[in-house]
Amino acid sequence: MNIALDMMGGDFAPLEAVKGVAEFLAADTVGVQLTLIGDEAQIKTHITAHPIAADKYTIVHTSQVIEMNEHPTKALKEKKDSSIAVGFQLLATGKTDAFISAGNTGAMMVGSLFSIKAIEGVLRPTIGAYIPREDGSLGLLVDVGLNADCKPENLNQFAVLGSLFAQHILNFSNPKVGLINLGEEEGKGNLLAQATYPLLKENKQLNFIGNIEGRDILLNKADVLVCEGFTGNVVLKLAESIYDIVQRRNIHDEHFDRFNFEQYGGVPVLGVAKPVIIGHGISHATAFKNMIRIAQRMIETDLLAKMKDSFIA
């Protein structure tokens, strides 16, 4: 497999990206080839300090970088030789099998939707995020900001995509799906939640357990937590703030330490036709290493084929 990595994306690029690649390749990586996209001179300078086996990677030089504050669509059109634009070109043409970046999130989403495109039958792709639970396991929250306004059909599809990811990447044999709501009883919630509940209940592809409340999110009640992106992003940002607070207060706790996103790398764009992983802008080496591992796992399990099969009429 050939996994492409945007070496220029993120606040600490390309140094932390190179360190992450070195950490990944230091482990057993038989059958994995990496394509490093970015400024060749800068990449080689950092590889000198953090050696990587020469037969494990190739460098594709690019002369441009899409900055974090640039307009995504405009930047992709005008910066054809940027690391993100070239990364999507390589993925779309089949020269690589997955693409990873901690760069401009908007540009990554635009590239995912227009260069790679959605799986046939998927109305809207979604972004998932990992939720550390008190028992040591991870839940998956979908959507976390890509789709602020949704229809019930969207949430039904998010649940299917999230379940497949939870099964094949997070290793749940029969993931429990819960609809985030303000009460457990059927019929609770706003119009979206009320209309979504029967769709999830009737969906034979899901192990739907009903509504879950905010107090259930960090417990092992549901493995896939479904909501529209507005709610999901609020939950995600609240979870991220927990780690910042315990760090500032010098609190050391095994559970709260797991709120450090670096442990999990980036989040996949679920519902597009090829593996795309988006990292946080402040990603360090550990996050880059784990993003490559997620992409590797998605390819090894043939997750995209399984997702495509789920949406065949």
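Note that the OG atom of Ser163 and the CG atom of Leu206 stand 5.0 Å from one another [nearest 0.5 Å]. Atom CD1 of Ile169 and atom CZ of Arg293 lie 14.0 Å apart (nearest 0.5 Å). We find the CD1-CG distance between Ile278 and Asn104 to be 9.5 Å, quoted to the nearest 0.5 Å. Note that the OG1 atom of Thr126 and the CZ atom of Phe165 stand 11.5 Å from one another [nearest 0.5 Å]. Of the inter-residue distances, the one linking Ile180 atom CD1 with Leu141 atom CG reads 5.0 Å to the nearest 0.5 angstrom. One distance of note links CG of Leu199 with CD of Glu153; it measures 6.0 Å at 0.5 Å rounding.
Under the 3.5 Å distance criterion, the side-chain polar atoms of Gln33 are matched with a main-chain donor or acceptor of Asp55. Under the 3.5 Å distance criterion, the side-chain polar atoms of Asp81 are matched with a main-chain donor or acceptor of Ser63. Under a 3.5 Å cut-off, the side chain of Ser115 and the backbone N or O of Ser112 do not form any donor-acceptor pair. Judged purely by atom type and a 3.5 angstrom limit, Lys221 has no side-chain atom pairing as donor or acceptor with the backbone of Ile212. Judged by distance alone, with hydrogens and angles left aside, the side-chain atoms of Gln157 form a donor-acceptor pair with the main-chain N or O of Gly121 at under 3.5 Å. With hydrogens and angles ignored, the 3.5 Å screen pairs no side-chain donor or acceptor of Arg297 with any backbone N or O of Leu303. When atom types are taken as modelled, the side chain of Glu70 and the backbone of Ala75 share no donor-acceptor pair closer than 3.5 angstrom. In this structure, the side chain of Asn220 does not engage the main chain of Asp135 through any donor-acceptor pair within 3.5 Å. Judged by distance alone, with hydrogens and angles left aside, the side-chain atoms of Lys274 form a donor-acceptor pair with the main-chain N or O of Leu91 at under 3.5 Å. Side chain of His168 to backbone of Thr301: no donor-acceptor contact under 3.5 angstrom is found.
Contact check for Val246 versus Asp253: no side-chain heavy atoms found under the 4.5 Å cut-off. Taking the side chain as every heavy atom from C-beta outward, Ile131 and Leu140 never approach each other to under 4.5 Å. You'll find the side chain of Arg258 reaches within 4.5 Å of the side chain of Tyr264, heavy atoms only. The shortest distance between side-chain heavy atoms of Lys176 and Val224 does not fall below 4.5 Å. Counting only heavy atoms from C-beta outward, the side chains of Thr62 and Asp39 never approach each other to under 4.5 Å. Residues Pro125 and Leu113 meet the side-chain proximity criterion, which asks for heavy atoms closer than 4.5 Å.
No more than 12 heavy atoms of other residues, nucleotides or ligands sit less than 6.0 Å from atom NZ of Lys95. For Asp149, the CG atom is loosely surrounded, since the number of other residues' heavy atoms within 6.0 Å does not exceed 12.
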Given salt bridge (Lys or Arg N to Asp or Glu O under 4.0 Å), test Lys188 with Glu184 step by step and report yes or no.
-> CA-CA 7 Å; Lys188 287 274 190 174; Glu184 292 185 349; over 6 Å; no
Run the numbers on Tyr57 and Ile47 for side chain to side chain contact (heavy atoms under 4.5 Å, CB included), then give the verdict.
-> CA-CA 11 Å; Tyr57 73 93; Ile47 287 177; 3.8 Å; yes
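Here Phe99 and Phe88 bring their ring centres to under 6.0 angstrom of each other.
Among pairs with a residue in residues 6-15, none fulfils salt bridge (charged side-chain N to carboxylate O under 4.0 Å, His left out), at least two apart in sequence or across chains. Every pair passing side-chain hydrogen bond (donor to acceptor under 3.5 Å, both in side chains) that includes a residue from residues 190-211 is listed here, sequence neighbours excluded: Asn156-Asn203, Asn181-Asn211, Glu186-Lys201, Gln205-Ser310.
Salt-bridge check for Glu228 with Lys151: failed, with every basic side-chain N at 4.0 Å or more from each acidic carboxylate O. No salt bridge links Lys19 with Glu23; every basic N to acidic carboxylate O contact stays at or beyond 4.0 Å. Salt-bridge annotation for Arg133 and Asp223: present, with a side-chain N of the basic residue lying under 4.0 Å from a carboxylate O of the acidic one. Of the charged side-chain nitrogens involved, at least one lies within less than 4.0 Å of a carboxylate oxygen, so that Lys74 and Glu78 count as a salt-bridged pair.
Under the 4.5 Å side-chain contact rule for hydrophobic residues, Val144 and Leu218 share a cluster.
Taking the salt bridge (Lys or Arg N to Asp or Glu O under 4.0 Å) definition, one finds that Lys80 meets it with nothing, sequence neighbours left out.
In summary, the side chains of His255 and Asp257 do not present any donor paired with an acceptor at a separation below 3.5 Å, with no hydrogens or angles considered. In the model, Asn2 has no side-chain atom that pairs as donor or acceptor with a side-chain atom of Asp97 under 3.5 Å.
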